[in-house]
Amino acid sequence: GFHYLRDHMWDSAHGGFFWTLDPVAGTIPMPGKHLYGQSFALYALAEYYRASGDPEPLALADRLTDLLERRAYDTRYGGYEETFERDWTKPPKGTTGYMGLSDRKLMNTHLHLLEAFTTYLDARETPRVRHRLEELVQIQSNAVVRKHLGACTDKYERDWTPITDGADGRVSYGHDIENVWLLADANRALGHSSYPLRDLFSALWEYAFAHGYDREQGGLFYSGEPGAPASNREKSWWVQSEVLVSVLTMYELTGERRYL
């Protein structure tokens, strides 16, 4: 897997990882760069280094984060700009990219950057990595939270102004409760206590219990309008997976048996 990432999915001309490849034809149908994809590559490289001790994946992770720092980090508003052409130039404003409009910031992307930088900090302790992870904790515990709801929304302008019109304002229960345990794990890596975020974690879970929990069959539904019962009542595998990790995190943090 690492050799395929290194030899085929890494863009030797411009750096970063391609969105998709055709492994049979050897073509690159979607060559653009999106931070969502880059985050999972960073996560994989750091995790493989921790498992193997091989310095090569860590060196490639270093190259990737150096590139993200130069081309994607938003020095004015914080966090990361997300959508780029293959050569890391910005597409025209209003262009639709792989994860929606190209000029947006997403809770979902920054959630997985939080996850990736947590593992990267476990692998490589540097002041810059620590600083970026601390900033991602601030974003995921503050900027993406709609305080009057006790829930998060996904899409934002570059300056973190929330976009809440229509479908853009929907609450994804799985992402909200995933945010709980990823924030807790980031604090673990940083050596910080998660107790100051316990009220936030409880609020996100109270909202999910109130609006997204299936009291007849169990599990969480997929999403719903803000303040309303779930309207997308699909049961998705990844949502239930995040539920398991998150409820155990909440039980460890609070001792409340309803989470267990």
Side-chain angles (χ1 to χ4, degrees), residues 19 34-37 39-40 79 82-83 94-115 136 139-184 197-251 253-254 256 258-260:
W19 185 257
H34 196 287
L35 269 284
Y36 184 90
S39 72
F40 281 104
E82 299 186 17
T83 304
T95 301
T96 299
Y98 302 148
M99 299 280 288
L101 290 176
S102 63
D103 50 347
R104 299 287 189 257
K105 288 178 176 172
L106 305 181
M107 174 209 178
N108 194 6
T109 299
H110 284 76
L111 182 72
H112 292 296
L113 285 165
L114 176 81
E115 182 175 38
L136 287 162
I139 289 168
Q140 291 300 122
S141 64
N142 187 24
V144 303
V145 182
R146 307 277 63 78
K147 280 75 171 177
H148 65 288
L149 277 180
C152 304
T153 49
D154 189 43
K155 294 179 174 61
Y156 298 83
E157 302 286 0
R158 183 184 164 195
D159 65 357
W160 296 104
T161 300
I163 300 166
T164 56
D165 297 335
D168 289 338
R170 295 178 68 82
V171 175
S172 168
Y173 314 116
H175 286 122
D176 280 17
I177 58 89
E178 182 181 11
N179 198 23
V180 168
W181 82 261
L182 287 180
L183 281 167
L197 296 181
R198 187 167 52 178
D199 285 351
L200 169 64
F201 295 169
S202 295
L204 293 174
W205 262 108
E206 289 299 333
Y207 186 96
F209 278 139
H211 301 290
Y213 184 64
D214 185 344
R215 300 185 185 284
E216 295 181 2
Q217 303 294 335
L220 284 188
F221 296 122
Y222 202 85
S223 65
E225 298 297 326
S231 52
N232 182 341
R233 297 167 69 84
E234 173 187 337
K235 301 280 181 63
S236 179
W237 64 271
W238 72 264
V239 175
Q240 315 316 317
S241 174
E242 302 297 348
V243 165
L244 285 172
V245 188
S246 190
V247 292
L248 290 170
T249 299
M250 288 299 290
Y251 178 65
L253 194 63
T254 68
E256 295 182 27
R258 62 174 177 159
Y259 293 114
L260 188 61

Using a 3.5 Å distance criterion without hydrogens, assess whether the side chain of [X] forms a donor-acceptor pair with backbone atoms of [Y].
{"X": "D154", "Y": "M107", "value": "yes"}
{"X": "Y222", "Y": "S231", "value": "no"}
{"X": "S223", "Y": "R170", "value": "no"}
{"X": "R215", "Y": "F209", "value": "yes"}
{"X": "E82", "Y": "T109", "value": "no"}
{"X": "T254", "Y": "M250", "value": "yes"}

- Query: What closest approach, in Å, do C152 and N179 show between heavy atoms, and which atom pair accounts for it?
  - Reply: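 Residues C152 and N179, closest heavy atoms: SG-ND2, 4.1 Å.
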
- Message: Just so I know, are the side chains of Q140 and L111 near enough to count as touching, which here means a heavy-atom distance under 4.5 Å?
- Response: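 Contact flag for Q140/L111 side chains = yes.
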
- Query: What residues form a side chain to side chain contact (heavy atoms under 4.5 Å, CB included) with N142, not counting sequence neighbours?
  - Reply: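 K147.
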
- Message: I'd like to know if E157 pairs up with K105 as an ion pair, taking the criterion as any Lys NZ or Arg NE/NH1/NH2 lying under 4.0 Å from an Asp or Glu carboxylate oxygen.
- Response: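 Salt bridge flag = no for K105 with E157.
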
- D214/K235 ion pair, N-O < 4.0 Å: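 Salt bridge: yes.
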
- Message: Quick test of your reading: applying ring-ring contact (aromatic ring centres under 6.0 Å, His included), list the pairs with at least one residue in residues 162-181, sequence neighbours left out, ordered by first then second residue.
- Response: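 Applying ring-ring contact (aromatic ring centres under 6.0 Å, His included) to every pair that reaches into residues 162-181, excluding sequence neighbours, yields H175-W238.
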
- Parallel, tilted or perpendicular: rings of W19 and Y36 (30°, 60°):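 Plane angle between 30° and 60°, so tilted.
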
- Query: Should the ring pair W160 and Y156 be called parallel, tilted or perpendicular, given that the plane angle runs from 0 to 90° and is split at 30 and 60?
  - Reply: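 Plane angle between 30° and 60°, so tilted.
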
